[in-house]
Colleague: 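What follows is a single structure, and I will ask about it in a moment.
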Amino acid sequence: MDKPAFLITLDTEGDNLWRNRSGKVTTRNVQFLPRFQALCEKYGFKPNWLTNYEMASDAAYVEFGRDLLARGQGEIGMHLHAWYSPPEYALTDDDWRYQPYLIEFPENILRDKVAYMTDLLESAFRQKMTSHRAGRWAFNEVYARALIDNGYLVDCSVTPRVDWRNSSGAPQGKGGTDYSRFPDHAYYLDVSDISRAGDSPLLELPMSIQYRYGAFTNQLKKAWNDMRGKKRGPSVNWLRPVGGNVQQMKQVVEQTLSQGNDYVEFMLHSSEFMPDGSPTFKNEADIEHLYDDLEQLFSWLQPRTQGMTLTEYALLKKSDQSR
């Protein structure tokens with residue numbers, strides 16, 4: 001690889017699902033996606049649109065996705081919100097309120113939902129689905145085996161240094177996945193323990209996330225919070241725009257590459273490109289500031305990295321491994 005890869009991952013889903021606990025999903029954000037696609041193409045980057053049920057059912061989005069695939073300018077992958085993705089199965093008395101994790105469902109239901117979403121996407125976009133990110137970042141060994149059985153090559157659900165156990169799903173559950181001790185680099189995962197490298201065909205590409213204050217300072221902060229009985233994870237910076245954080249994102253890139261990684265991974269939600277589509281970017285001015293930040297970040301990254309899709313990276317990794 002001549003330069004490190006820049007992997008753009010987009011959780012492609014309905015409008016402002018942070019606020020929506022009603023079950024009435026809209027997909028108006030589809031009309032705002034071409035602007036971001038054009039920005040990526042301007043800098044030679046290839047976004048990965050990780051797509052969930054309501055978006056795959058939107059005709060305008062399907063047309064958008066088929067076009068970028070036909071032109072080789074990105075990838076469509078799978079993203080799954082268990083509480084809304086068929087087949088229907090009520091895990092709680094109000095799944096829209098609790099938004100349970102897929103890993104909390106019985107294995108047969110988990111597998112049925114993965115298979116259904118895979119078939120839906122492959123029918124809509126007329127090509128094999130090979131990349132995936134779990135809804136609400138919740139992943140485990142059962143889920144990994146289901147992906148492998150459905151022909152997926154690459155997953156990007158792991159958020160190193162982040163513990164999601166305090167983010168509740170079903171009331172009877174144990175919260176999300178604890179990734180605090182997971183690898184922060186590419187690895188073929190072990191299907192008996194996804195926190196370890198193994199010999200499965202599924203490549204894990206963890207998100208680019210770094211400690212905000214350094215490991216030692218974070219340990220002190222954790223000890224202090226533990227003494228006060230407060231459950232808080234470490235302070236981290238993501239390669240993810242939150243408004244005015246260009247310098248922090250550049251720092252995440254530099255730290256990640258200095259640790260020997262040959263990729264950096266960026267994420268955003270499709271609805272964040274739309275005014276009032278998220279809690280972060282609430283109006284048109286916020287969206288314009290977001291694009292100012294993206295221009296700064298992408299122009300800085302262009303000479304330092306090369307754009308590729310998740311599957312292109314995975315195939316390159318596989319080729320290197322077989323030499």
Side-chain angles (χ1 to χ4, degrees), residues 9-30 33 48-66 69 75-157 167-173 176-177 202 269-271 277:
T9 62
L10 302 155
D11 291 3
T12 309
E13 57 193 45
D15 306 330
N16 209 334
L17 296 186
W18 297 268
R19 189 172 62 197
N20 186 348
R21 303 282 169 149
S22 68
K24 296 177 181 177
V25 184
T26 56
T27 54
R28 290 187 301 112
N29 74 82
V30 170
L33 306 185
N48 298 267
W49 300 94
L50 302 163
T51 305
N52 80 348
Y53 173 67
E54 62 265 22
M55 298 296 272
S57 306
D58 184 296
Y61 175 73
V62 171
E63 182 180 356
F64 166 79
R66 285 181 182 174
L69 291 173
E75 179 171 345
I76 303 293
M78 196 259 276
H79 186 52
L80 202 160
H81 288 163
W83 61 93
Y84 189 54
S85 193
E88 289 186 19
Y89 181 94
L91 189 67
T92 73
D93 60 6
D94 188 349
D95 282 1
W96 265 100
R97 174 187 173 192
Y98 297 112
Q99 298 188 347
Y101 299 106
L102 182 59
I103 60 175
E104 295 176 314
F105 286 74
E107 180 172 352
N108 64 312
I109 302 300
L110 179 155
R111 286 183 165 274
D112 286 348
K113 286 178 178 287
V114 169
Y116 184 98
M117 267 306 301
T118 303
D119 289 344
L120 178 66
L121 288 164
E122 291 179 353
S123 296
F125 296 102
R126 302 167 184 164
Q127 75 173 45
K128 182 77 190 82
M129 289 296 113
T130 50
S131 60
H132 166 269
R133 171 175 288 145
R136 301 192 66 198
W137 307 100
F139 197 47
N140 67 5
E141 289 76 13
V142 175
Y143 201 159
R145 286 192 288 270
L147 291 180
I148 291 167
D149 291 345
N150 281 273
Y152 286 86
L153 301 178
V154 57
D155 174 72
C156 56
S157 304
S167 296
S168 59
Q172 68 270 29
T177 307
L202 187 63
H269 297 84
S270 64
S271 60

Colleague: So, taking the atom named CH2 in W83 and the one named CZ in R97, what distance separates them when rounded to the nearest 0.5 Å?
Modeller: 15.0 Å

Colleague: For atom CZ of R126, is the number of surrounding heavy atoms from other residues, nucleotides or ligands below 6.0 Å larger than 12?
Modeller: no

Colleague: Can you tell me how far the CD1 atom of I148 sits from the CZ atom of R145, to the nearest 0.5 Å?
Modeller: 8.5 Å

Colleague: Looking only at the aromatic ring of each residue, does the gap between the centers of W49 and F64 stay below 6.0 angstrom?
Modeller: yes

Colleague: Please examine the side chains of F105 and V142, heavy atoms only from C-beta on, and report whether any two atoms are closer than 4.5 Å.
Modeller: no

Colleague: Enter the distance from N150:CG to K128:NZ here, rounded to the nearest 0.5 Å.
Modeller: 6.5 Å

Colleague: With a 3.5 Å distance limit and no angle check, can you tell me whether T26 reaches the backbone of R28 through a side-chain donor-acceptor pair?
Modeller: no

Colleague: Kindly give the heavy-atom pair with the smallest separation between M117 and N52, and that separation in Å.
Modeller: CE-C, 3.8 Å

Colleague: Which pair of non-hydrogen atoms, one from L102 and one from V114, has the smallest distance, and what is that distance?
Modeller: CD2-CG2, 4.1 Å

Colleague: Assess whether side chain to side chain donor-acceptor pair (under 3.5 Å) is satisfied between Y152 and T118, documenting all intermediate values.
Modeller: CA-CA 9 Å; Y152 286 86; T118 303; 2.8 Å; yes

Colleague: How close do K113 and L80 get, heavy atom to heavy atom, and via which atoms?
Modeller: O-CD1, 3.5 Å

Colleague: Find the distance between CD (E13) and CD (E54) and round it off to the nearest 0.5 Å.
Modeller: 7.0 Å

Colleague: Any chance you could lay out the side chain to side chain contact (heavy atoms under 4.5 Å, CB included) test for Q172 and L91, step after step, and finish with the verdict?
Modeller: CA-CA 10 Å; Q172 68 270 29; L91 189 67; 4.0 Å; yes

Colleague: Could you go through the side chain to side chain contact (heavy atoms under 4.5 Å, CB included) check for Y89 and N108 one step at a time?
Modeller: CA-CA 11 Å; Y89 181 94; N108 64 312; over 6 Å; no

Colleague: Determine whether I103 and F139 make a side-chain contact, defined as any pair of heavy atoms from C-beta on separated by less than 4.5 Å.
Modeller: no

Colleague: Would you please classify the geometry between the Y143 ring and the H132 ring as parallel, tilted or perpendicular, with 30° and 60° separating the classes?
Modeller: perpendicular

Colleague: Just by distance, do the side chain of D95 and the backbone of T92 share a donor-acceptor pair under 3.5 Å?
Modeller: yes

Colleague: Look up atom CZ in R136 and atom OG in S157, then write down how far apart they are to the nearest 0.5 Å.
Modeller: 13.5 Å

Colleague: Any heavy-atom pair between the side chains of Y61 and T51 that's under 4.5 Å?
Modeller: yes

Colleague: Would you give the length of the straight line joining atom CG of L50 to atom CE of M129, rounded to the nearest 0.5 angstrom?
Modeller: 10.0 Å

Colleague: Side chains of S57 and L120: does their closest heavy-atom pair fall under 4.5 Å?
Modeller: yes

Colleague: Give the C-alpha distance, both sets of side-chain angles, the deciding distance and a yes or no for side chain to side chain contact (heavy atoms under 4.5 Å, CB included) between N16 and S271.
Modeller: CA-CA 6 Å; N16 209 334; S271 60; 5.6 Å; no

Colleague: Can you find a heavy atom in the side chain of M78 that is under 4.5 Å from one in the side chain of L147?
Modeller: yes

Colleague: Which residue, T12, N48, T9, forms the side chain to side chain donor-acceptor pair (under 3.5 Å) with R133?
Modeller: T9

Colleague: If you look at every heavy atom in T130 and E75, which pair is closest and at what distance?
Modeller: OG1-OE2, 3.7 Å

Colleague: Ignoring hydrogens and geometry, is there a side-chain-to-backbone donor-acceptor pair from S123 to D119 under 3.5 Å?
Modeller: yes

Colleague: Side chains of H81 and V25, heavy atoms from C-beta outward: is any pair under 4.5 Å?
Modeller: no

Colleague: For the pair E107 and R111, find out whether any cationic side-chain nitrogen is under 4.0 Å from an anionic carboxylate oxygen.
Modeller: yes

Colleague: Please give me the minimum heavy-atom distance between N29 and S270, naming the atom from each residue.
Modeller: OD1-OG, 3.0 Å

Colleague: Might you work through the side chain to side chain contact (heavy atoms under 4.5 Å, CB included) test for E104 and Y98, ending with a clear yes or no?
Modeller: CA-CA 12 Å; E104 295 176 314; Y98 297 112; over 6 Å; no

Colleague: Kindly give the heavy-atom pair with the smallest separation between H79 and A134, and that separation in Å.
Modeller: CE1-O, 3.4 Å

